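Shown next, in structure tokens, is the structure this report addresses.
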Amino acid sequence: MIPSPSITAAASRSMTVGGQSFPGSRVFDVVDPSTGKVVASAPHCSRTQLDEVVAVAREAFPSWSRRPIEQRREFLLAMADTIEVHAEELAELISLEQGKPHALAAGEVGGVSYWLRQTALLDLPETVNQDDSTRLSVTRRAPIGVVAALTPWNYPLGQTSFKLGPALLAGNTVVFKPSVHAPLAALRLGELCGAVLPPGVLNVIAGEDELGPWMTAHPGFDMISFTGSTETGKRVAENAARSLSRVTLELGGNDAAIVLPDVDVAEVATQLFWAAFANSGQICLAVKRLYIHADIYDAMARELSSLAHTVQVGDPTADDTELGPVSHRQQYDRVVELLQDSEQQGHHFLSGGVPSGDADGYFLRPTLIDNPPDDARIVREEQFGPVLPLLRYTDVDDAVARANDSEYGLGASVWSRDAESAAQVAQRLEAGTVWVNEIMHLDPHVPFGGLKQSGVGVESGLAGLMEFTEARTLTMKRG
């Protein structure tokens with residue numbers, strides 16, 4: 001196979017600061033998860049350099065924030081146009097560094113441009129509190145300042161949809177740092193958008209593990225927008241508290257799906273399988289606990305097992321690949337540890353299982369675990385990999401109680417032929433978003449966020465845009 005131009009150029013990616021190429025103080029390795037081998041290097045932003053980057057963003061903020069929102073909309077549309085022109089290149093970089101099949105990577109890139117276009121349709125509200133002979137009082141939404149945007153590795157560009165467009169439309173400037181495990185596509189995005197936006201408005205940097213804490217504790221940031229694990233999110237909040245920086249946190253989840261006994265098993269099984277295993281289970285909103293009524297448990301387990309045994313796992317660049325590898329070694333080892341724990345506890349594997357360890361890359365077969373106990377690690381913890389526990393229930397009240405018995409509250413779903421009955425069950429689930437007869441449907445105009453330890457604040461929609469603003473009230477006495 002002849003490497004594509006984007007892959008052969010992967011090692012030459014640069015940070016973009018003030019609209020210009022910004023070299024790092026050193027480089028770090030980027031690994032292809034399908035081979036476990038180093039395929040590129042990426043620049044590391046030092047602590048001193050971070051101070052320079054923040055200064056550039058602060059200098060750009062006054063003029064950007066004073067631009068009419070109509071002009072900022074046009075810049076978002078120009079970003080969307082640029083991404084669409086370079087969509088194939090960006091998708092190839094995502095597959096290379098993150099491991100998702102090319103079709104899924106292409107969909108991720110397309111989603112970014114779509115989200116930018118839809119975000120550009122939003123407007124900031126203005127509230128007239130009082131307008132009479134005594135006084136005029138008006139509350140408007142103003143940008144907060146310089147935003148630090150930090151995203152995880154599972155969707156290297158897709159996660160930017162919830163941060164870059166809203167932050168920029170609101171009038172903030174941004175310093176964006178992708179994950180150390182998947183920086184290449186984001187760095188290329190910075191190179192492309194650096195030529196579209198005014199200098200300093202969007203700055204894209206990269207670095208090793210220490211860069212994230214430096215950013216979240218840096219007094220030059222007015223807001224931190226972070227997506228990642230709950231454990232890391234707590235540290236982000238602690239760091240941000242030192243300077244009272246605003247935070248939005250989209251954190252972990254252990255999403256439950258409840259299947260009622262009246263479903264069409266064959267039809268729903270396919271939907272549930274991909275709801276759990278798409279992107280090799282590395283989706284915050286993926287089904288991670290599947291509660292199946294006893295009347296249909298065996299039939300559903302057979303259907304899911306059949307899919308698990310026939311799905312094509314392999315090279316993400318191959319046309320017939322449906323599932324790629326786990327995205328990096330650290331996450332692979334965590335998922336394997338959970339599988340080993342289940343094996344040691346005597347859980348029954350319907351498919352997959354602990355890998356032999358002799359394969360190249362970080363590949364795992366989709367694994368179904370047959371009705372483990374509720375206190376098992378694979379039930380209590382977020383696996384974030386291609387593993388799904390199937391859990392039997394006989395009473396829907398019991399299923400709801402078990403689904404709610406979690407420190408997380410990101411998403412959930414209920415499945416039934418009777419949508420109204422399912423909706424009544426859905427209203428009892430403790431999650432920021434609950435779907436009926438579908439899952440993971442997100443919309444640029446609909447707020448999304450988690451309850452409990454799954455997050456603080458929301459993303460998307462008008463409410464998500466408002467997170468990047470602060471209220472400012474003007475009161476003028478008359479007469």
Side-chain angles (χ1 to χ4, degrees), residues 14-23 45 48-83 112-113 115-126 138-150 160-177 186-205 215 218-225 240 243-248 462 464-474:
S14 171
M15 297 187 288
T16 301
V17 177
Q20 302 295 320
S21 176
F22 190 78
C45 180
T48 301
Q49 287 180 310
L50 178 61
D51 292 338
E52 298 177 41
V53 177
V54 173
V56 168
R58 297 209 73 81
E59 183 178 359
F61 173 70
S63 61
W64 177 251
S65 62
R66 287 195 298 265
R67 285 180 181 267
I69 192 171
E70 292 76 15
Q71 291 185 18
R72 298 199 294 265
R73 286 195 184 97
E74 291 302 315
F75 279 109
L76 261 63
L77 297 178
M79 289 172 64
D81 290 342
T82 299
I83 290 168
V112 177
S113 59
W115 226 266
L116 284 167
R117 294 188 187 284
Q118 294 300 306
T119 299
L121 299 175
L122 298 173
D123 205 354
L124 292 170
E126 179 178 293
V138 181
T139 299
R140 299 181 176 91
R141 306 302 303 191
I144 294 174
V146 179
V147 174
L150 298 93
T160 68
S161 302
F162 310 114
K163 305 183 187 303
L164 302 189
L168 296 175
L169 182 65
N172 305 282
T173 56
V174 177
V175 178
F176 165 42
K177 183 198 84 68
L187 289 169
R188 181 58 176 147
L189 179 73
E191 294 169 1
L192 295 170
C193 292
V196 171
L197 294 166
V201 170
L202 173 61
N203 309 278
V204 181
I205 61 177
M215 291 179 68
H218 198 291
F221 288 112
D222 303 290
M223 178 179 175
I224 311 295
S225 179
S243 56
L244 291 181
S245 299
R246 306 287 183 85
V247 296
T248 59
L462 178 59
L465 175 62
M466 298 269 279
E467 294 279 1
F468 291 95
T469 68
E470 55 190 2
R472 294 187 184 176
T473 299
L474 172 66

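Everything numeric here is computed off the predicted structure, so don't read it as measured data. Reckoned from all heavy atoms, side chains included, excluding hydrogens, waters and symmetry mates.
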Output the distance between atom [atom1] ([X]) and atom [atom2] ([Y]), rounded to the nearest 0.5 Å.
X: Trp115; Y: Lys163; atom1: CH2; atom2: NZ; answer: 13.0 Å
X: Asp123; Y: Glu70; atom1: CG; atom2: CD; answer: 7.5 Å
X: Asn203; Y: Cys45; atom1: CG; atom2: SG; answer: 10.0 Å
X: Glu467; Y: Ile144; atom1: CD; atom2: CD1; answer: 8.0 Å
X: His218; Y: Asp51; atom1: NE2; atom2: CG; answer: 4.0 Å
X: Leu116; Y: Cys193; atom1: CG; atom2: SG; answer: 7.5 Å

Provide the closest heavy-atom pair for [X] versus [Y] in the form atom of the first, atom of the second, distance.
X: Ser14; Y: Leu187; result: O-CD2, 3.7 Å
X: Phe221; Y: Val147; result: CD2-C, 3.9 Å
X: Ala60; Y: Thr173; result: C-CG2, 3.9 Å
X: Leu465; Y: Pro166; result: CD1-O, 3.4 Å
X: Ile83; Y: Ser113; result: CG2-CB, 4.2 Å
X: Ser245; Y: Ile224; result: CB-CG1, 4.4 Å

With a 4.5 Å heavy-atom cut-off, do [X] and [Y] have their side chains touching?
X: Glu52; Y: Phe22; result: yes
X: Pro143; Y: Phe61; result: yes
X: Glu126; Y: Val138; result: yes
X: Met15; Y: Pro23; result: no
X: Leu462; Y: Pro125; result: yes
X: Ile205; Y: Met215; result: yes

**OP:** Please check if the side chain of Asn172 supplies one atom and the backbone of Val146 the other of a donor-acceptor pair under 3.5 Å.
**Re:** no
Subject >> Exam field: side chain Arg141 to backbone Leu124, donor-acceptor pair closer than 3.5 Å >> reply: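 Checked: no pair found.
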**OP:** Under the side-chain contact (heavy atoms from CB on, under 4.5 Å) rule, what do Phe162 and Ser225 come out as? Steps first, then yes or no, please.
**Re:** CA-CA 9 Å; Phe162 310 114; Ser225 179; over 6 Å; no
Subject >> Salt bridge Glu470-Arg246, side-chain N to carboxylate O under 4.0 Å >> reply: yes
Original post:
Do Glu74 and Arg72 sit within salt-bridge range, that is, some charged N less than 4.0 Å from a carboxylate O?
Top reply: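 Salt bridge: no.
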Original post:
Should the heavy atoms of other residues, nucleotides or ligands under 6.0 Å from CD of Glu59 be counted, would the total exceed 12?
Top reply: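 Open.
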So if I apply the side-chain contact (heavy atoms from CB on, under 4.5 Å) rule between [X] and each of [options], which one comes out positive?
X: Trp64; options: Val174, Leu202, Leu168; answer: Leu168
X: Leu76; options: Leu122, Leu169, Asp81, Leu197; answer: Leu169
X: Leu192; options: Thr82, Val204, Thr16; answer: Thr82

**OP:** Decide yes or no on side-chain contact (heavy atoms from CB on, under 4.5 Å) for Leu77 and Arg117, but give the supporting numbers first.
**Re:** CA-CA 6 Å; Leu77 297 178; Arg117 294 188 187 284; 4.0 Å; yes
**OP:** Verify side-chain contact (heavy atoms from CB on, under 4.5 Å) between Met223 and Thr248, making sure each step is shown before the conclusion.
**Re:** CA-CA 8 Å; Met223 178 179 175; Thr248 59; 3.6 Å; yes
Original post:
Looking at residues at least two apart in the chain, or sitting in another chain, which of them share a salt bridge (charged side-chain N to carboxylate O under 4.0 Å, His left out) with Arg67?
Top reply: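 Arg67 satisfies salt bridge (charged side-chain N to carboxylate O under 4.0 Å, His left out) with no residue once adjacent residues are dropped.
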